[in-house]
Structures are given as structure tokens and as C-alpha cells.
Undergrad: 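Structure provided below as C-alpha cells; questions to follow.
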Amino acid sequence: MEQPDVRLERVTKRFGDVTAVDDLSLSFERGGFVALLGPSGCGKTTTLRMIGGFEEPTAGTVFLGEQDVTGLPPYKREVNTVFQNYALFPHMNIHDNIAFGIRQRGASKHEVARQVPEMLDLVQLTGFERRKPTQLSGGQAQRVALARALINKPRVLLLDEPLGALDLKLRKQMQIELKRIQTEVNITFIHVTHDQEEAMTMADRIAVMNQGRIEQLGPPVELYEQPRTAFVAGFLGVSNLLLATIAGAGRVRFADGSEAAVPEEALRGAPDEVRIGVRPEKVRLSTTDDLTNVNGSNSINGTVRDVSYIGVSTQYIIDTPAGDELTAIVQNAGRGARHLDRGQPVQVLWDPEHTFVITDTAAVPTLEELV
């Protein structure tokens with residue numbers, strides 16, 4: 001079995017009385033794009049800095065490949081870091097900025113002349129060699145910083161919120177560019193972000209962090225469709241979570257006495273009381289005069305409390321007798337799409353296979369915890 005590029009074994013980092021990273025163990029395979037995702041203060045940046053050598057763990061071990069690098073400074077590790085502020089040298093042109101690292105390692109003029117154009121081509125900046133950093137846009141400066149890091153051929157590239165200073169449109173373009181570049185160079189990228197959409201767009205695997213620990217690690221589709229904790233369900237998009245008790249094989253009962261079917265395997269080993277979840281876009285709404293596609297669906301009665309038209313879709317907040325409100329997002333597809341009114345009674349419908357089960361007892365994260 002191939003050795004992971006990065007491995008953390010029971011790593012803890014304390015700053016005085018504050019534990020930023022708490023007994024963390026995880027590994028990243030070679031050639032992957034991993035996102036460390038979480039709210040401010042969750043430990044993601046501290047974890048990245050310990051991998052890069054900018055912080056030393058209070059306890060635990062950091063490996064790059066088979067090498068224990070726990071006590072080594074950054075320049076002795078096979079890593080490069082791209083920061084949010086790019087840190088380009090303003091007095092150097094783009095060619096010399098990119099060449100800086102390999103010149104420091106003693107590269108010949110021939111090697112510099114060969115490798116710098118290759119990097120400029122990779123980041124699609126051929127022809128920008130003689131420009132200064134002040135003559136670049138934010139997205140161009142970001143790509144120069146990437147080229148300067150990648151020319152050193154590191155084992156791992158660390159990205160510390162690299163797109164945070166860009167506007168929304170440019171940020172979305174750079175997400176696609178970063179993924180393309182990572183695929184071409186096949187170097188392990190570890191990317192720190194608090195932006196859920198950014199992580200899901202780029203990463204092969206996401207580690208959701210909370211209070212210095214990993215809540216869940218897996219592919220984006222797994223974390224979104226099958227979150228294992230209330231925090232993950234609330235942090236990755238919007239989730240409807242309803243308290244329920246197990247009523248039998250593949251059945252749960254809500255506070256109002258109504259029941260719903262869930263995947264039977266999701267209840268194996270679960271406590272008597274659980275939360276069942278469904279994403280807002282998986283929910284359908286029917287009125288008493290339009291009960292279509294009800295057969296085989298889970299349903300719960302409710303009343304429309306709020307309606308928000310958001311262009312491609314309409315968001316409805318539904319009060320239910322089960323004790324929890326539900327959010328439904330309905331696409332505004334086709335001409336004459338039907339809209340519901342505040343105060344209108346509805347049935348909330350969803351398919352059993354779209355239901356996930358949360359067994360942890362932690363509270364659903366608040367808005368303050370998610371930012």
C-alpha cells in the first residue's frame with residue numbers, strides 16, 4: 001500500500017489555555033485535493049500551519065511520506081504554501097518571482113529558462129514574464145503565487161484561504177482553475193477554507209472541522225447526502241432535521257404521532273431517539289387539491305409561514321405540528337410555475353431514500369457557529 005503524503009498522529013496544539021487542535025489523527029493520500037473546512041476558530045489553519053512547519057505541535061507527530069518532520073522548519077520540508085495575500089516580491093518581475101525558489105536551490109540558467117515558461121503555461125500567463133506584480137489583477141497574482149510554489153515540485157502544496165481576497169465571480173473562476181492545475185500536476189493540495197461551496201467545487205475529500213476535531217471526512221457527495229452529525233448537516237448547506245423516535249424496522253415516529261420510512265440500515269445501532277434529515281431541494285409541497293405523487297412518499301402536514309422568491313427557485317418555510325419548521329426549495333421551472341401563499345396548508349413530501357439519520361445528541365449549530 002502506498003505511503004500517504006501527509007499523516008498526522010494524535011496531534012494537539014495548545015495556545016496557553018486554548019486547545020486549537022485536539023488529538024487529531026488523519027492522513028492524505030498522494031495526488032488528492034483535500035479541503036479542511038470549518039468555521040473560524042475550528043483549528044483548520046493551525047492544522048495547515050503544523051503541516052507546513054509554521055507551528056510546532058504541543059503533542060503528536062507530523063509525517064510527510066515516511067519522514068517525521070515534526071521538529072523541522074518549513075524550508076526543510078517538501079511543502080510550499082500559498083497564502084491569501086500572495087506575498088509576491090514587488091521589486092521583481094513575474095519571471096524572477098517564479099524563478100526565486102529554484103534559484104535559491106542552485107538551479108542553472110538552463111533549468112530556469114526551461115522551467116519558468118512551463119509554469120507560466122500551466123497557469124496560463126505566458127507573455128506576462130516582464131510585468132511587475134503591481135501590473136496584475138488579483139486572479140493573475142494568485143496564479144503567479146501558484147506557479148512560484150509549484151516550480152519547486154513540492155510533495156504537498158498548502159493553500160491557506162487563497163481565494164478569500166477575490167471578488168465572487170473571479171473566485172468561482174479560480175476554483176475551476178485550481179482544480180485544473182491540481183489535476184495536471186498531480187500534487188497533493190491541502191486547502192483551508194470556510195466556504196462550503198468552494199470546498200465542494202474543488203476537493204476530492206473534505207474534512208469538516210469543529211472545535212479542533214474532525215467531525216467527518218469523506219467525498220463531498222457523501223458529506224452532503226449522508227452527514228453523520230448535526231454539525232456537518234448544518235454546515236454543509238441547509239438541512240431539515242426533525243426529532244423522532246424509532247418505531248420499528250425502517251420506521252420513525254414524530255412528536256405529532258405521524259410516521260416516516262427511512263433506510264433500514266441507517267437505524268442499525270441507533271439510540272431510541274434520533275434526528276432524521278432531508279435536504280430542502282429534495283422536498284415537495286402539495287396542497288389539499290393537488291395530492292399527486294404521494295404514494296410511497298413520506299409526508300407531514302404543515303402551514304406556509306414564509307415565502308422568499310430567489311429567481312431560479314422559491315424558498316418556503318413551513319411550520320409543522322412535529323415541533324420543527326421545515327425549509328423547502330422549489331425550482332421555478334416552466335411557464336406559470338405555481339406559488340403558494342403565507343398561511344396556506346400544505347403537505348410536505350419526500351422520498352424515503354433521501355432521508356438521512358443523525359444519532360448524535362449535539363445541538364444543531366447556530367448561525368454564529370457557522371461563520
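For the numbers below, each heavy atom of this structure counts, side chains included, while hydrogens, waters and symmetry mates do not.
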Undergrad: In this structure, would Val34 and Leu64 fall into the same cluster of hydrophobic residues linked by side-chain contacts under 4.5 Å?
TA: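 Same cluster.
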Undergrad: Where is the tightest heavy-atom contact between Leu243 and Glu273, given as atom of each residue plus distance?
TA: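 Scanning both residues, the minimum pair turns out to be CD2-OE2, 4.2 Å.
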Undergrad: Using the side-chain hydrogen bond (donor to acceptor under 3.5 Å, both in side chains) definition, which of the options Arg103, Arg148, Arg130 pairs with Asp96?
TA: Arg103
Undergrad: Does the side chain of Thr188 come under 3.5 Å of the side chain of Arg155 through a donor N or O and an acceptor N or O?
TA: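 Side-chain D/A pair, Thr188 to Arg155: absent.
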Undergrad: Report the distance from atom CG of Leu241 to atom CZ of Phe356, rounding to the nearest 0.5 Å.
TA: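 Atom-to-atom, Leu241:CG and Phe356:CZ are 5.5 Å apart.
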Undergrad: Let me confirm one number: the CE-CG distance from Met119 to Leu146, rounded to the nearest 0.5 Å.
TA: 10.5 Å
Undergrad: Hey, are Arg342 and Asp306 close enough for a salt bridge, meaning a charged N less than 4.0 Å from a carboxylate O?
TA: yes
Undergrad: For residues Ala255 and Ala322, report the shortest heavy-atom separation together with the two atoms involved.
TA: CB-O, 3.5 Å
Undergrad: With clusters defined by side-chain heavy atoms of hydrophobic residues (ILVMFWY) lying less than 4.5 Å apart, directly or transitively, does Ile329 cluster with Val278?
TA: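 They do not share one cluster, since no chain of ILVMFWY contacts under 4.5 Å joins Val278 to Ile329.
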Undergrad: Please determine whether residues Val357 and Ile246 belong to a single hydrophobic cluster, defined as Ile, Leu, Val, Met, Phe, Trp and Tyr linked transitively by side-chain heavy-atom distances below 4.5 Å.
TA: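 The answer is yes; both residues are in one hydrophobic cluster.
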Undergrad: Taking atom types as modelled and ignoring hydrogens, do the side chains of Ser258 and Asp256 form a donor-acceptor contact shorter than 3.5 angstrom?
TA: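 Looking only at side-chain atoms, Asp256 and Ser258 do form a donor-acceptor pair, the distance falling under 3.5 Å.
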Undergrad: For the residue pair Arg228 and Leu217, what are the closest heavy atoms and their distance?
TA: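 Residues Arg228 and Leu217, closest heavy atoms: NH2-N, 4.5 Å.
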Undergrad: Would you compute the distance between atom CZ of Phe63 and atom CG of Asp68 and round it to the nearest 0.5 angstrom?
TA: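 So the CZ of Phe63 and the CG of Asp68 are separated by 5.0 Å.
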Undergrad: Is it true that Phe54 and Phe83 have ring centroids separated by less than 6.0 Å?
TA: yes
Undergrad: Between Glu225 and Lys282, does any side-chain N to carboxylate O distance fall below 4.0 Å?
TA: yes
Undergrad: Quick check: closest heavy atoms across Val304 and Asp341, and the distance to 0.1 Å?
TA: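 Looks like CB-O, 3.3 Å.
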Undergrad: Are side-chain N/O atoms of Arg105 and Asn152 paired as donor and acceptor at under 3.5 Å?
TA: yes
Undergrad: Would you say Val192 ends up clustered with Met209 if hydrophobic residues are merged whenever their side chains have heavy atoms under 4.5 Å apart, either directly or through other cluster members?
TA: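 Hydrophobic grouping puts Met209 with Val192.
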Undergrad: Looking at every non-hydrogen atom in both residues, tell me the closest pair between His194 and Leu37 and how far apart they are.
TA: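 Taking His194 first and Leu37 second, the nearest heavy atoms are C-CD1, 3.7 Å.
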Undergrad: Using atom types as modelled and distance alone, determine if a side-chain donor or acceptor of Arg10 lies under 3.5 Å from a backbone N or O of Ala59.
TA: no
Undergrad: Verify whether one side chain among Thr320 and Asn301 offers a donor that lies under 3.5 Å from an acceptor in the other.
TA: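 Note: Thr320 and Asn301 side chains miss the donor-acceptor criterion.
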Undergrad: Under the criterion side chain to side chain donor-acceptor pair (under 3.5 Å), I'd like the reasoning laid out for Arg284 against Ser297: C-alpha separation, chi angles, the key distance, then a yes or no.
TA: CA-CA 10 Å; Arg284 308 187 304 281; Ser297 299; 2.7 Å; yes
Undergrad: Do NZ/NE/NH1/NH2 and the carboxylate oxygens of Glu197 and Lys172 come within less than 4.0 Å?
TA: yes
Undergrad: Answer with yes or no whether the hydrophobic clustering places Val185 together with Val123; edges join I, L, V, M, F, W, Y residues whose side-chain heavy atoms lie under 4.5 Å apart.
TA: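 Both belong to a single hydrophobic cluster.
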Undergrad: Regarding Glu184 and Arg180, does a basic nitrogen lie under 4.0 Å from an acidic carboxylate oxygen?
TA: yes
Undergrad: Apply ring-ring contact (aromatic ring centres under 6.0 Å, His included) to the pair Phe33 and Phe28, showing each step before the final yes or no.
TA: CA-CA 9 Å; Phe33 198 132; Phe28 303 131; over 10 Å; no
Undergrad: Will you find, in the side chains of Glu198 and Thr193, an N or O donor that is under 3.5 Å from an N or O acceptor?
TA: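 The criterion, which ignores hydrogens and geometry beyond distance, is satisfied for Thr193 and Glu198.
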Undergrad: Answer yes when Arg7 and Glu9 have at least one side-chain N-carboxylate O distance shorter than 4.0 Å, and no when they do not.
TA: yes
Undergrad: Go through the side-chain N and O atoms of Thr355 and Trp350 and say whether any donor and acceptor fall under 3.5 Å apart.
TA: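 There is such a pair between these side chains.
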Undergrad: So with a 6.0 Å cut-off around CG of Asp272, is the heavy-atom count from everything else above 12?
TA: no
Undergrad: To the nearest 0.5 Å, what is the distance between CG on Leu157 and CD on Glu78?
TA: 13.5 Å
Undergrad: So, Ser299 side chain and Gln347 main chain: donor-acceptor pair closer than 3.5 Å or not?
TA: no
Undergrad: Walk me through whether Glu161 and His191 qualify under side chain to side chain donor-acceptor pair (under 3.5 Å).
TA: CA-CA 7 Å; Glu161 304 235 24; His191 174 218; over 6 Å; no
